[in-house]
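Structure, as structure tokens:
In this chain, residues are counted from 1 in sequence order. Basis for what follows: all heavy atoms, side chains included, without hydrogens, waters or symmetry-related copies.
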Amino acid sequence: MNINAMTGSILTGSNIVLIACRMLFNINESILRHNEHTAYLALSLMKNQKLNPKCSERNLVLMSLFHTLGFFSSYVNHQNQFDSEQDYFSSNKATESKYVFTCHYLENMTPLKKDAHCLATFTEDYAPLERQVLYHTEYKSIIYLCARISDYLHKNKFNDLPEDLNELAPGKLDPEYVRLFKVKNQGDALIRRIQNGTYLEKLTDYINQMTFTPEEETQLLKLLVYILDFKSTQTLVHSINTGSYALSMGKLLNLSQDEQKTLFISAILHDIGKTRTPKYVLEARARLSVEQKKLIQGHVSHSRNILRGLVPDEIVEIVYSHHELCNGQGYPNHLTDEQIPKLAKILTVADVASSLMDMRSYKQSYDKDRTLQIMQMETVEQRFNFEYAGTFLNYYDQIKDELPEVQTIFSVDFADIMDKYNNYIFSEAQFSTESKISEELEELEPAED
């Protein structure tokens with residue numbers, strides 16, 4: 001299965017980047033705004049300027065947007081709790097480790113690849129030698145300066161910057177970019193756009209013009225889906241499995257290629273609004289309270305808000321309606337069979353089937369007999385469309401057997417990312433500039449015969 005063939009044209013790389021940003025906004029608004037401000041300043045700083053030939057403006061903006069992913073991840077933030085004021089620049093290992101995590105995460109999950117290595121030493125002092133040897137240090141110098149400015153503006157209620165920018169981080173700023181920023185920001189032109197919010201239009205316009213190869217779009221789609229993992233691994237697994245079951249059902253129902261594509265994308269994205277749902281609700285081990293049910297039901301509205309304007313309206317409506325039931329007892333609008341979009345009704349069956357067959361915090365995965373028994377009962381109660389539920393009931397084995405193919409497409413060597421992160425956390429050695437320079441020089445030396 002070619003994942004790009006199932007998403008291309010409908011879900012472009014630019015759209016994926018913007019959806020990912022909205023998901024991160026739901027997890028922590030303050031960190032995402034910091035990233036946006038950093039990316040806008042970096043883009044403005046380098047407009048009509050020459051980067052190192054190995055660097056690209058596109059990758060600079062992508063790196064700026066995602067350079068703090070380690071601050072979002074529940075793996076490096078205990079229970080995904082956040083301080084009211086983030087310290088992005090501390091030299092302690094707890095902060096440094098978040099950038100090490102981000103480095104390996106972006107290297108494996110995005111088109112950035114080795115460019116992301118600059119983040120592993122993000123909090124180190126400016127080193128001219130590093131810039132001469134490591135091309136990606138140019139990214140770091142620009143992003144670090146812009147991140148420092150963004151952080152200062154936030155913590156000082158967007159008041160004017162100090163006259164001498166070096167006061168923001170003595171010994172850590174690249175003098176060349178400090179001088180360039182002063183030129184670009186004459187009359188506080190850049191800062192005013194952040195203050196009045198118009199920076200976002202400029203940044204969004206640039207992202208919309210980004211171009212990606214089909215392979216790069218597949219990588220970005222993985223990044224988007226794995227953002228769910230920052231909140232709930234169960235939700236990540238469930239989204240991939242639901243996508244597989246929905247696609248299998250679409251083929252069995254002889255849907256057109258366009259309908260299959262629309263259904264698959266809707267299924268993969270159907271729960272992205274859960275990035276706004278508290279983790280304790282998503283992974284509760286006991287029956288939810290009335291209040292908790294309201295919180296989790298809100299995810300359909302959050303998903304709609306994330307997707308609006310970035311995917312076709314049909315997909316937005318399918319995602320918004322995937323908890324509607326044919327007997328009118330679903331949510332959010334208690335629609336009945338004839339009112340629910342066809343593809344939403346198929347997605348509902350796939351969604352419930354995945355919930356039954358997946359392991360959850362409150363239950364083990366159900367076997368075939370138990371799953372079919374519950375699905376049959378739900379169908380009798382007219383919760384599902386009879387034809388679509390019948391397709392699942394009659395072709396259970398085939399649908400289940402096709403799951404590994406989709407799981408393989410979305411597979412990521414996350415264990416390797418965590419191994420590298422943990423090695424840093426528990427090692428006395430530092431991920432230093434000197435070690436990276438040595439590695440780069442070794443790569444440049446000719447191999448012996």
* To do: Take Gln219 and Leu223, measure what side-chain contact (heavy atoms from CB on, under 4.5 Å) needs, and give me the verdict at the end.
  => CA-CA 6 Å; Gln219 291 170 328; Leu223 171 70; over 6 Å; no

* To do: Please test Tyr99 against Phe71 for ring pair (Phe, Tyr, Trp, His ring centres under 6.0 Å), starting from the C-alpha separation and ending with a verdict.
  => CA-CA 8 Å; Tyr99 290 111; Phe71 290 79; 5.4 Å; yes

* side chain to side chain donor-acceptor pair (under 3.5 Å) evaluation trace for Thr277 with His299 -> CA-CA 7 Å; Thr277 307; His299 80 275; 5.6 Å; no

* To do: Please step through side-chain contact (heavy atoms from CB on, under 4.5 Å) for the pair Lys274 and Asp271, ending with a clear verdict.
  => CA-CA 6 Å; Lys274 286 183 177 177; Asp271 271 350; 3.2 Å; yes

* **Verdict with reasoning, Glu57 to Tyr206, per side chain to side chain donor-acceptor pair (under 3.5 Å)** => CA-CA 10 Å; Glu57 188 178 77; Tyr206 180 82; 3.0 Å; yes

* **Derivation and outcome, side chain to side chain donor-acceptor pair (under 3.5 Å), residues Thr336 and Glu338** => CA-CA 6 Å; Thr336 55; Glu338 65 277 4; 3.0 Å; yes

* To do: Would you please test Thr68 and Asn35 for side chain to side chain donor-acceptor pair (under 3.5 Å) and show each step?
  => CA-CA 7 Å; Thr68 60; Asn35 289 1; 2.8 Å; yes

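Salt bridge absent: Lys93 and Glu96 never bring a charged side-chain N and a carboxylate O closer than 4.0 Å. A salt bridge is defined here as a Lys NZ or Arg NE, NH1 or NH2 lying under 4.0 Å from an Asp or Glu carboxylate O, and Asp258 with Lys261 fails to meet this definition. At a threshold of 4.0 Å, the pair Arg58-Glu216 counts as salt-bridged, since one of the basic side-chain nitrogens sits closer than that to a carboxylate oxygen. In summary, Glu324 and Lys345 do not engage in a salt bridge, as defined by a charged side-chain N under 4.0 Å from a carboxylate O.
Shown are Phe122, Phe89, Tyr139; of these, the ring pair (Phe, Tyr, Trp, His ring centres under 6.0 Å) with His67 is made only by Phe122.
When atom types are taken as modelled, the side chain of Thr137 and the backbone of Lys140 share no donor-acceptor pair closer than 3.5 angstrom. Ser73 places no side-chain N or O within 3.5 Å of a backbone atom of Gly70 that could act as its donor or acceptor partner.
Looking only at atom types and distance, the side chain of Glu283 has a donor-acceptor partner in the side chain of Ser232 under 3.5 Å away. Inspection of the Asn241 and Asp358 side chains reveals an N or O donor paired with an N or O acceptor under 3.5 Å. Between the side chains of Glu124 and Thr121, not a single donor N or O lies within less than 3.5 Å of an accepting N or O. In this model, no donor atom of one side chain and acceptor atom of the other lie less than 3.5 Å apart for Thr348 and His322. A side-chain donor-acceptor contact under 3.5 Å links Thr12 and Asn15. Looking only at atom types and distance, the side chain of Asn28 has no donor-acceptor partner in the side chain of Ser30 under 3.5 Å away. For the residue pair Thr95/Asn92, the side-chain donor-acceptor check at 3.5 Å is satisfied.
One distance of note links CD of Glu402 with CG of Leu247; it measures 7.5 Å at 0.5 Å rounding. Rounding to the nearest 0.5 Å places CE of Met357 at 8.0 Å from CD1 of Ile399. Distance check: Tyr135 OH to Lys54 NZ gives 7.0 Å after rounding to the nearest 0.5 Å. Here Glu381 contributes atom CD and Thr379 contributes atom OG1; the two are 9.5 Å apart, rounded to the nearest 0.5 Å. Interatomic distance, Tyr245 OH to Leu403 CG, rounded to the nearest 0.5 Å: 4.5 Å. Within the model, atoms CD1 of Ile27 and CD1 of Ile227 stand 6.5 Å from one another, a figure rounded to the nearest 0.5 Å.
Taking the six-membered ring where tryptophan is involved, the planes of Phe158 and His37 are perpendicular, since the angle between them exceeds 60° and thus also 30°.
A 6.0 Å sphere centred on NZ of Lys113 holds more than 12 heavy atoms belonging to other residues, nucleotides or ligands. Within 6.0 Å of CD on Gln49 lie more than 12 heavy atoms contributed by other residues, nucleotides or ligands. No more than 12 heavy-atom neighbours from other residues, nucleotides or ligands sit within 6.0 angstrom of CD on Glu215. Around the OH atom of Tyr395, the shell of radius 6.0 Å holds no more than 12 heavy atoms that belong to other residues, nucleotides or ligands. The number of heavy atoms from other shown groups lying within 6.0 Å of NZ (Lys293) does not exceed 12. Surrounding CD of Gln382 are at most 12 heavy atoms belonging to other residues, nucleotides or ligands under 6.0 Å away.
Both tests do not hold together for Arg22 against Phe25: distance to the six-membered ring centre under 6.0 Å, angle to the ring axis within 45°. The side-chain tip of Arg193 does not point at the ring of Tyr199 from less than 6.0 angstrom away and within 45° of straight on.
Considering all non-hydrogen atoms of both residues, Ile143 and Leu60 come closest at CG1-CD1, 3.8 Å. The nearest pair of heavy atoms linking Ala116 to Met63 is CA-SD, 3.7 Å. Considering every non-hydrogen atom in both Ala246 and Ala350, the closest pair reads N-CB, 3.6 Å. Residues Thr110 and Leu106 share a closest heavy-atom pair of OG1-O, 2.6 Å. Between Val319 and Leu269, the shortest heavy-atom distance links the atoms CG1-O, 4.3 Å. Closest of all the heavy-atom pairs between Asn59 and Pro111 is ND2-O, 4.5 Å.
Leu62 is listed as a side-chain neighbour of Phe212, based on a closest heavy-atom distance under 4.5 Å. In this structure, Phe392 and Thr371 have side chains that are in contact, with non-hydrogen atoms separated by less than 4.5 Å. For the pair His238/Asp351, a side-chain contact is recorded, criterion being any heavy-atom separation below 4.5 Å from C-beta on. Considering only heavy atoms from C-beta on, His117 stays 4.5 Å or farther from Leu134 through its side chain. For the pair Phe414/Asp229, a side-chain contact is recorded, criterion being any heavy-atom separation below 4.5 Å from C-beta on. The shortest distance between side-chain heavy atoms of Val17 and Leu224 does not fall below 4.5 Å.
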